[in-house]
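Here the structure comes first, spelled out in structure tokens, and everything after it is commentary.
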Amino acid sequence: MPKRSPQFPISLKLKYVKLGYQYLVNNFLTCLLVPTMAFVLVQVIQLGPEKIFNLWSSLQFDFIKTLYSSFASLPYGGDKVCVHTTLPKPQPHLWDCTRIVVVLCSSFLIIFLSILYFMSRPRGVYLIDYSCYKPHVSCRVPFSTFMEHSRLILSSQPKSVEFQMRILERSGLGEETCLPPAIHYIPPAPNMESARQESEMVIFSAIDSLFKKTGVKPKDIDILIVNCSLFSPTPSLSAMVINKYKMRGNIKSFNLSGMGCSAGLISIDLARDLLQVYPKSNAVVVSTEIITPNYYRGKDRSMLLPNCLFRMGGAAILLSNKWADQWRAKYKLLHVVRTHKGADDKSYRCVVEIEDSEGKEGISLSKDPMTIAGEALKSNITTIGPLVLPPSEQLLFLFSLIGRKVFNLKLKPYIPDFKQAFEHFCIHAGGRAVIDELQKNLQLSAEHVEASRMTLHRFGNTSSSSLWYELSYIEAKGRMKKGDRVWQIAFGSGFKCNSAVWKCNKTIKTPTNGPWSDCIHKYPVYIPEVVKL
């Protein structure tokens, strides 16, 4: 048996000290109130029912006596009524009237304050259900197929082919990711018609599945939001959906473009704001990225990278603010926090759509996206931390900040333990480096980032919809329990970092259909650092 480290007892004690500290701080009010209530209860029992009744009668008489004195001192006929030091005993009928007035005023005050509270409270936003698009097997792009196409298309650029192969080997993608039909041609044949066909295939499939799951009809939808960053045709994609499903003429429709991979949470935030304005409404949010018109066909290496990572996908989400829907909803939306670093030039130019030297359009990525993403994440968690972290973590962060800023102590910045606030993490599957960086910065375990890594392996970077494939993975594994909290984190061009926090309304049974239904038994899989091609 291996010998224990001499530091083992100390680390064990420190672990229990930290657990005790967290329990004490997080349950401070409970620890304070329970003994107080127990003491009061013991005193009440010792008094006995007769003394309690006499005490209550005395308090009630003193209150009504004071109220009667106030009424007696009111002006009458231009003169004040003299109030004697010893108040005469009020007549029985006046006594009864005073008691009735007190009861009515108290009741009215309680009812008024209750109505005021419920009217001023924000409406709850509930996620009824969602659906993710699962591409047909004919769209599958194994590594061998991808590299064969690259060699044929870039036959005069062997270094560019070698660069793509190195990226693919370290990407974390698997053999079953998919690209739209137009990209399978040699050379690729993207055009407006094929882009519309991909849009209809992805969006209509996701919405059809959502309506089938929820039993909601197109005429029941009050708000429609579609986000697609790089493909923005006229008529818009939201108009395409309205035409397909013959939705109502007074529907509130929005089409978001150019907002990158974090646009899905921007759409959720917009839907939440609209649901605060329009009561008893249903909102459908569609998140996707259309690959066909944006597949780069040049040789610039910074613009070839998205070809290796981005794959087709989409999701449709049904939200509601109806009180009755909370019983069948899967999740309740707690918080949405958005951070925009566009004022900084380096952040603004981190991800940009440009033309190369030959006039070919594509997405160019800068050399330091992870540094910029880290700064955006830092700003985002500074805002979301006070909303979600337990008091124990907030106090430790405060003490660390005071020690460094006020007393100039050489302390490392305290990184809050977000595992105390969330049971599940859905980190945007933008690439292996993104997941690695967040796992390191947030001190997460392999299980916490499992959904993100497996989504990247099975579906690739599906842009704004990747968060919903990750949530679906957690459900397919049977891990989502009632009361669990989920943190969705996404990054996007501009540069943006957006977060959403959900609370599970009920224990979710393992779904029998969905994007993971035919392969969840294979996961999680081991993903090597480098896959030799």
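Please read these numbers as outputs of a predicted model, since none were measured by experiment.
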* Asked: Distance-only, no hydrogens or angles: does the Ser466 side chain make a donor-acceptor pair with backbone N or O of Asn461 under 3.5 Å?
  -> no
* Hey, are Lys330 and Glu475 close enough for a salt bridge, meaning a charged N less than 4.0 Å from a carboxylate O? -> yes
* Between atom SG of Cys178 and atom NE2 of His136, what is the distance when rounded to the nearest 0.5 Å? -> 10.0 Å
* Centroid-to-centroid, Tyr295 to Phe310, below 6.0 Å? -> no
* Do Arg311 and Leu179 come close enough that some side-chain heavy atom pair is under 4.5 Å? -> yes
* Asked: Is it the case that Asn227 and Ser464 place a side-chain donor and acceptor less than 3.5 Å from each other?
  -> yes
* Structure fact -> dist Ile221:CD1 -> Ser253:OG (nearest 0.5 Å) comes out at 13.0 Å
* Donor-acceptor pair between Asp129 and Thr214 side chains, under 3.5 angstrom -> no
* With the threshold set at 4.0 Å, does a side-chain nitrogen-carboxylate oxygen contact exist between Asp222 and Arg248? -> yes
* Over all atoms of both residues, closest heavy-atom pair of Ser229 and Glu289 -> CB-OE1, 2.9 Å
* Glu375 with Lys378: basic N within carboxylate O range, under 4.0 Å -> yes
* Asked: Are Met247 and Lys219 close enough that some pair of their side-chain heavy atoms sits under 4.5 Å apart?
  -> no
* Asked: So which of Ile268, Leu127, Val501 actually passes side-chain contact (heavy atoms from CB on, under 4.5 Å) with Leu333?
  -> Ile268
* Asked: Would you say the side-chain atoms of Ser320 pair up with the backbone N or O of Lys322, donor to acceptor, closer than 3.5 Å?
  -> yes
* Note: Arg338-Asp269 ion pair, threshold 4.0 Å (strictly below) -> yes
* **Check: Glu450/Tyr523 side-chain N/O donor and acceptor closer than 3.5 Å** => no
* Asked: Phe459 vs Tyr469 aromatic rings, parallel, tilted or perpendicular, using cut-offs 30° and 60°?
  -> tilted
* To do: With rounding to the nearest 0.5 Å, note down the distance linking CG in Asn282 to CG in Leu224.
  => 12.0 Å
* Asked: Does Leu471 reach the side chain of Val486, with side-chain heavy atoms less than 4.5 Å apart?
  -> yes
* Judged by modelled atom types alone, do Asp208 and Tyr133 share a side-chain donor-acceptor pair under 3.5 Å? -> no
* Asked: How many angstroms lie between atom CD1 of Ile384 and atom CG of Asn498, to the nearest 0.5 angstrom?
  -> 10.5 Å
* Asked: If you take all heavy atoms of Lys213 and Tyr130, which pair is closest and at what distance?
  -> NZ-O, 2.9 Å
* Arg453 versus Asp436: any side-chain heavy-atom pair under 4.5 Å? -> yes
* Can any side-chain N or O of His448 pair as donor or acceptor with the backbone N or O of Ser445 at less than 3.5 Å? -> yes
* Asked: Are the side chain of Ser472 and the backbone N or O of Trp468 linked by a donor-acceptor pair below 3.5 Å?
  -> no
* Asked: Are any side-chain N or O atoms of Tyr126 and backbone N or O atoms of Asn505, one a donor and one an acceptor, separated by less than 3.5 Å?
  -> no
* Ignoring hydrogens and geometry, is there a side-chain-to-backbone donor-acceptor pair from Ser517 to Gly514 under 3.5 Å? -> yes
* To do: Might you point out which heavy atoms bring Asn250 and Lys252 nearest each other, and give the distance in Å?
  => O-NZ, 3.3 Å
* To do: Using modelled atom types only, decide if a donor and an acceptor are shared between the side chain of Ser452 and the backbone of Ile427 within a distance under 3.5 Å.
  => yes
* **Glu198 and Thr292 side chains, donor-acceptor separation under 3.5 Å** => yes
* Asked: Can you find a pair of side-chain heavy atoms, one from Thr288 and one from Ser465, that are under 4.5 Å apart?
  -> no
* Counting N and O atoms only, with roles assigned by atom type, does the side chain of Glu393 sit under 3.5 Å from a partner on the main chain of Asp417, one being a donor and the other an acceptor? -> yes
* To do: To the nearest 0.5 angstrom, please state how far the OG atom of Ser366 sits from the NZ atom of Lys346.
  => 8.5 Å
* Straight-line distance of Leu365 CG to Leu305 CG, nearest 0.5 Å -> 5.0 Å
* Asked: Is His428 close to Ile489 at the side-chain level, that is, under 4.5 Å between some pair of heavy atoms?
  -> no
* To do: Search all heavy atoms of Ser347 against all heavy atoms of Ile372 and return the closest pair with its distance.
  => OG-CG2, 3.5 Å
* To do: Ignoring hydrogens and angles, state whether a donor on the side chain of Thr339 or Lys496 is under 3.5 Å from an acceptor on the partner side chain.
  => no
* Structure fact -> Note: Lys482 and Thr507 closest approach over all heavy atoms is N-OG1, 3.2 Å
* To do: May I ask you to test the Lys481-Cys504 pair for a side-chain heavy-atom distance under 4.5 Å?
  => no
* Can we say Glu176 and Arg140 salt-bridge, meaning some charged N sits less than 4.0 Å from an Asp/Glu carboxylate O? -> no
* Thinking salt bridges, do Asp484 and Arg479 make one under a 4.0 Å N-O criterion? -> no
* Asked: What is the minimum heavy-atom distance between Ser267 and Leu256, and which atoms define it?
  -> OG-CD1, 3.5 Å
* Quick one: sort the Trp487 and Phe422 rings into parallel, tilted or perpendicular, breaks at 30° and 60°. => parallel
* Asked: With a 4.5 Å heavy-atom cut-off, do Lys341 and Ser379 have their side chains touching?
  -> yes
